[in-house]
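Structure first, then comments.
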Amino acid sequence: MSTVLQPAGASNRRRVWRNAGAILGAGIVAFVTFVAIFAPLLAPYDPFTINLGRRMIPPMWMEGGTPENILGTDQLGRDYLSRLIYGARVSMIIGVATIITSGVIGTFLGVMGGFYGGRIDDAVVFAITARLSIPVVLVALAVAGLLGTSFTLVILVLGLLLWDRFAVVARSTTMQIRNLDYVAAARCAGCSPMTVLLKEVLPNIATHLAVVATLEMALAILLEAALSFLGLGVPPPLPSWGLMISEAKEYMFFSPWVIMIPGIALFILVLGVNLLGDALRDMLGTDLSR
């Protein structure tokens with residue numbers, strides 16, 4: 001009786017899809033991404049249109065609510081569902097743009113230090129140590145206070161402050177594989193250091209970096225919400241979930257739904273990203289051998 005051997009990757013994928021948390025996380029991220037991409041088609045109203053005659057209308061399932069505004073309206077009469085939908089776009093753009101920026105910086109530094117070692121590695125370690133000694137929130141607040149608030153500035157600040165995990169993981173994994181047989185074989189074949197890095201090193205550390213990216217994305221979304229809550233993140237009238245929570249704090253005791261709705265949306269998105277990160281870790285594995 002013959003036995004058919006199946007690839008380990010297929011086994012990992014089956015194990016992931018049997019995991020309810022993995023399915024839930026992937027579903028949440030996919031849904032929020034869909035909402036963010038098609039926000040102009042899904043939003044029933046313009047999220048910036050002010051109608052003071054319809055201020056603070058509660059959600060339709062509460063007393064005083066109407067079907068015209070499913071999630072009610074805010075303190076300026078803007079449709080809350082429309083602002084929530086567009087807020088998903090703001091969160092996803094900032095999260096993705098931040099991990100791209102920080103990922104490029106951190107991966108470059110980590111790979112250079114781990115692959116070449118010596119003084120280059122000493123400089124990278126010093127840069128990582130210096131970055132870890134800098135409080136992210138305080139620096140972001142200081143920069144926003146000095147330069148003002150803008151969508152682009154939030155992405156740049158977060159991207160330039162959240163690269164340390166990418167650098168640490170890229171450096172450690174590169175140091176583990178730089179002396180393995182397939183890397184040595186590429187060197188003996190006459191491949192240039194850049195070719196070895198691009199074709200042998202980076203593909204084999206990408207699995208680790210993918211997991212780090214999910215963690216950093218969740219952190220970036222939370223930091224943006226915190227900065228917007230403090231009035232130093234995304235400037236109004238952009239419908240950031242953090243800004244919606246900030247604008248609603250004055251009404252939370254009389255109309256608690258205005259702060260609960262964006263807060264729950266933010267919680268669900270961050271939970272979904274973290275669950276997806278756990279699923280990627282299980283699916284991709286951590287084995288560095290070939």
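Each residue takes its place number in the sequence, starting with 1. Quantities reported herein were computed from a predicted structural model and do not represent experimental measurements.
In terms of hydrophobic clustering, with Ile, Leu, Val, Met, Phe, Trp and Tyr side chains grouped at heavy-atom distances under 4.5 Å, L222 and L215 are assigned to different clusters. The cluster map of Ile, Leu, Val, Met, Phe, Trp and Tyr, joined by side-chain heavy atoms under 4.5 Å apart, puts Y45 and L76 in different clusters. Transitive grouping of hydrophobic side chains (ILVMFWY, heavy atoms separated by less than 4.5 Å) brings V143 and L162 into a common cluster. Under the 4.5 Å side-chain heavy-atom criterion for Ile, Leu, Val, Met, Phe, Trp and Tyr, L42 and M60 are members of the same hydrophobic cluster. By the criterion of side-chain heavy atoms lying less than 4.5 angstrom apart, applied directly or through intervening Ile, Leu, Val, Met, Phe, Trp or Tyr residues, M112 is grouped together with M194 in one hydrophobic cluster.
Remark: the backbone N or O of F48 is not paired with any side-chain donor or acceptor of R78 at under 3.5 angstrom. Side-chain atoms of S246 come within 3.5 Å of backbone N or O of F229 as a donor-acceptor pair. In this structure a side-chain-to-backbone donor-acceptor pair under 3.5 Å is present from T173 to A170. With hydrogens and angles disregarded, no donor-acceptor distance shorter than 3.5 Å links the side chain of T107 to the backbone of V104. In this structure, the side chain of R55 does not engage the main chain of D74 through any donor-acceptor pair within 3.5 Å. With hydrogens and angles disregarded, a donor-acceptor distance shorter than 3.5 Å links the side chain of R131 to the backbone of I134. At least one donor-acceptor pair under 3.5 Å links the side chain of T73 to the backbone N or O of M56. T214 places a side-chain N or O within donor-acceptor distance of the main-chain N or O of V211, the cut-off being under 3.5 Å.
For I70, the CD1 atom is loosely surrounded, since the number of other residues' heavy atoms within 6.0 Å does not exceed 12. The environment of F108 atom CZ is sparse: at most 12 non-hydrogen atoms of other residues, nucleotides or ligands sit within 6.0 angstrom.
Here CG of L158 is found 12.5 Å from CD1 of I99. Values are rounded to the nearest 0.5 Å. We find the OG-CG distance between S228 and L238 to be 9.0 Å, quoted to the nearest 0.5 Å. In this structure, the separation between CD1 on I261 and CD1 on I245 is 11.0 Å, given to the nearest 0.5 Å.
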Dump the intermediate steps for side chain to side chain contact (heavy atoms under 4.5 Å, CB included) on N69 and Y80, then the final yes or no.
CA-CA 7 Å; N69 302 103; Y80 226 49; over 6 Å; no

I would like to know whether I57 and E68 meet side chain to side chain contact (heavy atoms under 4.5 Å, CB included); could you show each step before the answer?
CA-CA 10 Å; I57 295 177; E68 288 80 9; over 6 Å; no

Stepwise side chain to side chain contact (heavy atoms under 4.5 Å, CB included) check, V201 with N204:
CA-CA 5 Å; V201 175; N204 285 280; over 6 Å; no

Please determine whether side chain to side chain contact (heavy atoms under 4.5 Å, CB included) holds for the pair V96 and M217, giving the CA-CA distance in whole Å, both sets of side-chain angles, and the decisive distance to 0.1 Å.
CA-CA 7 Å; V96 172; M217 182 176 178; 4.0 Å; yes

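Nearest heavy atom pair, residue W241 against residue L269, reads CZ3-CD2, 3.7 Å. Nearest heavy-atom pair across R178 and F115 is NH1-O, 3.8 Å. Annotation for A97 and I155: closest pair CB-CG2, 3.6 Å, computed over non-hydrogen atoms. In terms of heavy-atom proximity, A167 sits nearest to I128 at CB-CD1, 3.7 Å. Contact record, Y86 with P239: CB-CG, 3.4 Å, taken as the closest heavy-atom pair. Taking both residues in full, the closest heavy atoms of G25 and L275 are given as CA-CB, 3.7 Å, listed atom of the first, atom of the second, then distance.
With R89 as the partner, the side chain to side chain contact (heavy atoms under 4.5 Å, CB included) test is satisfied by one option alone out of S240, P40, P47: P40.
In this structure the side chain of V273 reaches within 4.5 angstrom of the side chain of V29, judged on heavy atoms. Using a 4.5 Å heavy-atom threshold, the side chains of I94 and V234 count as touching. Using a 4.5 Å heavy-atom cutoff, the side chains of F166 and I105 are not in contact. Contact check for P236 versus L243: side-chain heavy atoms found under the 4.5 Å cut-off.
In the model, E216 has no side-chain atom that pairs as donor or acceptor with a side-chain atom of T98 under 3.5 Å.
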